[in-house]
Amino acid sequence: MERKIIIYDTLSRKKREFVPIVPGMVGLYVCGPTVYGDPHLGHARPAVTFDVLVRLFRFLGYKVRYVRNITDVGHLEHDADAGEDKIEKKARLEQLEPMEVAQYYENRFHEAMRMLNTLPPSIEPHASGHIIEQIALARKILDNGFAYVSNGSVYFDVRKYNEKYHYGILSGRNLDDMINNSRTLAGQEDKHSPVDFALWKKASAEHIMRWPSPWSDGFPGWHAECSAMSEKYLGKEFDIHGGGMDLVFPHHECELAQNTASRNTGGVHYWMHNNMITINGQKMGKSLGNFITLDELFHGTNKVLSQAYSPMTIRFFILEAHYRSTLDFGNDALQAAEKGMKKISVAAGDAESLSAEGGPGADETEKSLEAVKTGVMDALCDDLNTPVALAGMFDAVKIINNVKEGRAFLNSKSAEILSFLFHDVLSDILGIVPEGNAGGSENGSKRLEGLVSMVLRERKEAKDKKDWAKSDSIRDDLNSLGINIKDTKDGTEWNLK
Ligand code: ZN
């Protein structure tokens, strides 16, 4: 732990050296998914970003308690105070129990996260399992005078809070501007001010998901769960709170206000936010028709894509950009990432098998590799600079290729550094698992190739007969064996996950 880790903190708007509250320990809270839809690209980026952060801390010897919640109470994405609960809507349409819908999408989310090779959190609390804590939070804020009860609902009194503290400090907003720019929406007449937000909401008659409270049968406001659950599992103050930049306002701003109003401290020492993704330069959105789920990405079944991309290619692609830059998804960029992923996979296989008996210039090669190693680790510890770290990895790939072609030679120290780079850094910290047939025995991979082509011929016959059920089930069976297939205009390609 002698290594300094630098983190960009959204609240102080600068890079700061990470100093843990308890030496050697990291408390990390990341806002997890709202489980009312299939996991999509927007889920992949924070998941991969904070996964690398956790892996890096653990690699450096920290004990990390990684808490990521599941929002299963069901809230509208950007307006928790009005409108229909999305889980309930889906449940009604499909005649399902609301928790059946939430569980289904939670399972889908976990499966996608597993495919992206993200480590599971240490604790994954559900909003629906922490209603008591959320009621206690609302009660505390009421007792402290920063909330009011109105018609069975409890609202956070933003103006009152702003007299003592600063509402807008995280997102850089000013309360007067917010009040001037907001409209009073229908169904929000209970609020004293349009900027107030719900801590507890009285349920309307048709609302299925409801719990008793001192104020009404209802449900907690969206922001309440993260304040309540982060305090429960990480304490009144904890190290890092993460999430996507779209959560800075209102979600994290409200969380910060709730923390301060209930426990007189913002509670979070570093706020980390990953930037957004775009699709061919455009914001991703259902209404824009460019919404891509992870399943569509892994199977190439979205019209924006010309082919399927493996989960590792997606992970690699996400890490090619710094987490605080926007990341633009498009076919060309993904194809380039696929090529990069192949190169690094082949090099990872070579790194293990190259001879390390030395030769002309071996000391120079060792020096170059040492510099790559230092550069890669420095980059990762400098606010998770994964693109610079990956560029360093490709410098190592070049050296490996020179060795393969007899233009450079490795000594035993160089072999150790290569093993550090392609095992410890690539797999353990970046979580990138080399793909393809690299490493398999020649005979074994030939047999596998024969077997897969046989199965693919079977699938083609089924497709020709328009037996989609059979062709899909063959695809899924191969997939569950770790064999990804993708249909291109030249036929079906496959690779190992
Ligand atoms: Zn949250």
Side-chain angles (χ1 to χ4, degrees), residues 9-11 27-37 39-40 42-47 49-51 53-54 65-81 85-87 102 105-106 109 113 118 120-131 133-138 141 156 167 169-171 197-201 219-263 265-276 323:
D9 169 38
T10 312
L11 181 62
L28 169 68
Y29 187 93
V30 176
C31 289
T34 303
V35 280
Y36 61 70
H40 54 78
H43 290 111
R45 196 170 192 196
T49 299
F50 293 104
D51 184 58
L53 184 72
V54 169
R65 184 181 294 164
Y66 173 21
V67 183
R68 186 181 64 203
N69 65 307
I70 296 278
T71 299
D72 58 351
V73 167
H75 302 287
L76 280 173
E77 259 173 321
H78 293 295
D79 185 0
D81 300 343
D85 185 310
K86 289 202 179 177
I87 293 177
Y105 287 117
E106 184 180 331
F109 174 75
M113 292 302 107
T118 65
S122 327
I123 304 176
E124 193 169 50
H126 291 68
S128 63
H130 296 77
I131 301 295
E133 288 82 356
Q134 295 176 75
I135 290 174
L137 175 80
I141 297 175
F156 191 95
Y167 183 77
I169 190 170
L170 182 67
S171 57
F197 56 91
L199 296 170
W200 185 264
K201 189 89 182 121
F219 53 94
W222 171 35
H223 317 302
E225 66 185 84
C226 291
S227 283
M229 299 193 292
S230 62
E231 179 177 353
K232 174 159 179 161
Y233 296 111
L234 295 170
K236 288 193 191 319
E237 295 210 15
F238 59 95
D239 296 300
I240 305 173
H241 192 318
M245 220 179 201
D246 54 338
L247 295 179
V248 173
F249 190 88
H251 186 51
H252 291 163
E253 193 74 62
C254 295
E255 244 187 274
L256 178 56
Q258 290 170 159
N259 294 354
T260 311
S262 65
R263 46 182 144 142
T265 165
V268 177
H269 285 208
Y270 302 84
W271 287 92
M272 280 181 85
H273 293 99
N274 62 275
N275 210 323
M276 298 291 90
Y323 76 92

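Start at 1 and go down the list; that is how both ligands and their atoms are numbered.
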Student: Can you confirm whether more than 12 heavy atoms, excluding those of R65, are under 6.0 Å from its CZ atom?
Tutor: no

Student: How about I131 and P220: do any of their side-chain heavy atoms sit closer than 4.5 Å?
Tutor: yes

Student: Tell me the protein N, O or S atoms under 2.8 Å from the Zn ion (ligand 1), in chain and number order.
Tutor: C31 SG, C226 SG, H251 NE2

Student: Which heavy atom of C226 sits nearest to which heavy atom of Y29, and what is that distance?
Tutor: SG-OH, 3.2 Å

Student: Would you check, one step at a time, whether the test side chain to side chain contact (heavy atoms under 4.5 Å, CB included) holds for C31 with N69?
Tutor: CA-CA 6 Å; C31 289; N69 65 307; 4.2 Å; yes

Student: Taking H223 as the fixed residue, which of Q258, H251, Q134 is the one that meets the side-chain hydrogen bond (donor to acceptor under 3.5 Å, both in side chains) rule?
Tutor: H251

Student: Go through W271 and L256 one step at a time and tell me if the side chain to side chain contact (heavy atoms under 4.5 Å, CB included) criterion holds.
Tutor: CA-CA 10 Å; W271 287 92; L256 178 56; 4.1 Å; yes

